[in-house]
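Values below: every heavy atom of this structure, side chains too, minus hydrogens, waters and symmetry copies. Note that the numbering runs from 1 along the sequence shown for the chain.
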Amino acid sequence: MSDLGLYSLIMTVVLAVYAGAAGVAGRRMGLPGLVDSARRSVYVIAAFLTLAMVILFHAFATHDFSVRYVADHSNRALAWNYSIAALWAGQDGSLLLWVWILSLYTACVAWQTRTRNRELAPYIVAVLCANILFFVFLLLFIASPFEKLPSFNIPADGRGLNPLLQHPAMMIHPPCLYTGYVGLAVPFAFAMAALISGRLDDTWIRSTRRWML
């Protein structure tokens with residue numbers, strides 16, 4: 001299963017590059033079909049990252065200690081709720097949580113701009129996809145949550161979760177915090193799109209007001 005999570009990240013890279021490039025190219029060459037294709041690619045990116053999250057959740061729930069990240073942050077004695085919340089107990093899982101939330105925001109923005117802000121939309125998607133690419137690069141080459149241990153070195157039990165993190169607040173704190181932090185990428189993308197496109201009126205400000213709130 002962990003291999004499928006890794007392939008999901010790889011497919012995310014391919015689609016993010018395509019969505020960013022196709023959207024901008026379609027806008028500049030006057031090809032609305034290409035822009036629409038880029039927008040639909042964003043939905044698939046969110047689906048792939050959701051799949052990656054589900055796979056890592058499954059690894060924790062089933063105590064799959066062949067995955068290094070699971071072995072480092074969970075064990076069989078851990079309560080089921082902390083076993084699930086252990087997904088964001090370390091850097092690898094936290095980065096995956098971050099980019100997953102970012103992909104959901106990006107999909108929402110792509111849906112929201114399908115009929116309005118059409119001049120800005122391709123650039124907004126491109127900026128958000130660049131953000132996604134950065135975090136997925138980290139997950140693939142720096143802090144992979146799907147790295148597998150050698151078959152001869154798979155432990156019978158994991159190291160367990162840091163006792164300081166075994167608190168009910170730990171289950172909700174990172175998701176709530178990231179919802180705010182990651183959400184700021186949307187106003188940033190609108191601002192960058194306005195600069196790139198030269199549309200420096202107040203349209204982008206009015207469009208991001210709810211996102212900021």
With the side chain counted from C-beta on, respond yes when V42 and V109 share a heavy-atom pair under 4.5 Å apart, and no when they do not.
-> no

Is it true that a side-chain atom of T208 and a backbone atom of I205 form a donor plus acceptor pair closer than 3.5 Å?
-> yes

Can any side-chain N or O of S94 pair as donor or acceptor with the backbone N or O of W88 at less than 3.5 Å?
-> yes

R114 side chain to A121 main-chain N or O, any donor-acceptor pair under 3.5 Å?
-> no

Is F135 close to S103 at the side-chain level, that is, under 4.5 Å between some pair of heavy atoms?
-> no

Hey, mind stepping through V24 and V35 against side-chain contact (heavy atoms from CB on, under 4.5 Å) and telling me if it holds?
-> CA-CA 7 Å; V24 173; V35 174; over 6 Å; no

Using a 4.5 Å cut-off on heavy atoms from C-beta on, say whether the side chain of F65 contacts that of R76.
-> yes

Side-chain touch I10/L140, heavy atoms, less than 4.5 angstrom | yes

Side-chain heavy-atom pair L87, M53 within 4.5 angstrom cut-off = yes

Would a 4.5 Å heavy-atom cut-off, applied to side chains only, mark R28 and P122 as touching?
-> no

Where the side chain of Q166 meets the backbone of Y82, is there a donor-acceptor pair that is under 3.5 Å apart?
-> no

Shortest non-hydrogen contact between L139 and D92, atoms and distance | CD2-O, 3.5 Å

Would you say Y123's side chain and L195's backbone share a donor-acceptor pair under 3.5 angstrom?
-> no

Are Y7 and F48 an aromatic pair by the rule of ring centers under 6.0 Å?
-> no

May I ask you to test the V186-T106 pair for a side-chain heavy-atom distance under 4.5 Å?
-> no

Counting distance only, does the side-chain N/O of S8 pair as donor-acceptor with the main-chain N or O of L4 below 3.5 Å?
-> yes

Nearest heavy-atom approach of L95 to A143 is CD1-CB, 4.1 Å

How close do S41 and A19 get, heavy atom to heavy atom, and via which atoms?
-> CB-CB, 4.0 Å

Pair R206 + D201: basic N to acidic O under 4.0 Å = no

Close side-chain approach of Y181 to L177, heavy-atom, < 4.5 Å | yes

Can you tell me if H173 uses its side chain to pair, donor with acceptor, with the backbone of A169 under 3.5 Å?
-> no

Could you tell me whether F188 atom CZ has more than 12 heavy atoms of other residues or ligands within 6.0 Å of it?
-> no

Over all atoms of both residues, closest heavy-atom pair of A86 and H73 | CB-O, 3.5 Å

What one should report as the nearest heavy-atom pair of H63 and S74 is ND1-OG, 4.2 Å

Closest contact, heavy atoms only, W204 versus R199 | CD1-O, 4.1 Å

Do V125 and L15 belong together in a cluster built from hydrophobic side chains that touch within less than 4.5 Å?
-> no

d(H167 NE2, I172 CD1) to nearest 0.5 Å is 10.0 Å

Could you walk me through whether V182 and L104 pass the side-chain contact (heavy atoms from CB on, under 4.5 Å) check?
-> CA-CA 10 Å; V182 181; L104 297 181; over 6 Å; no

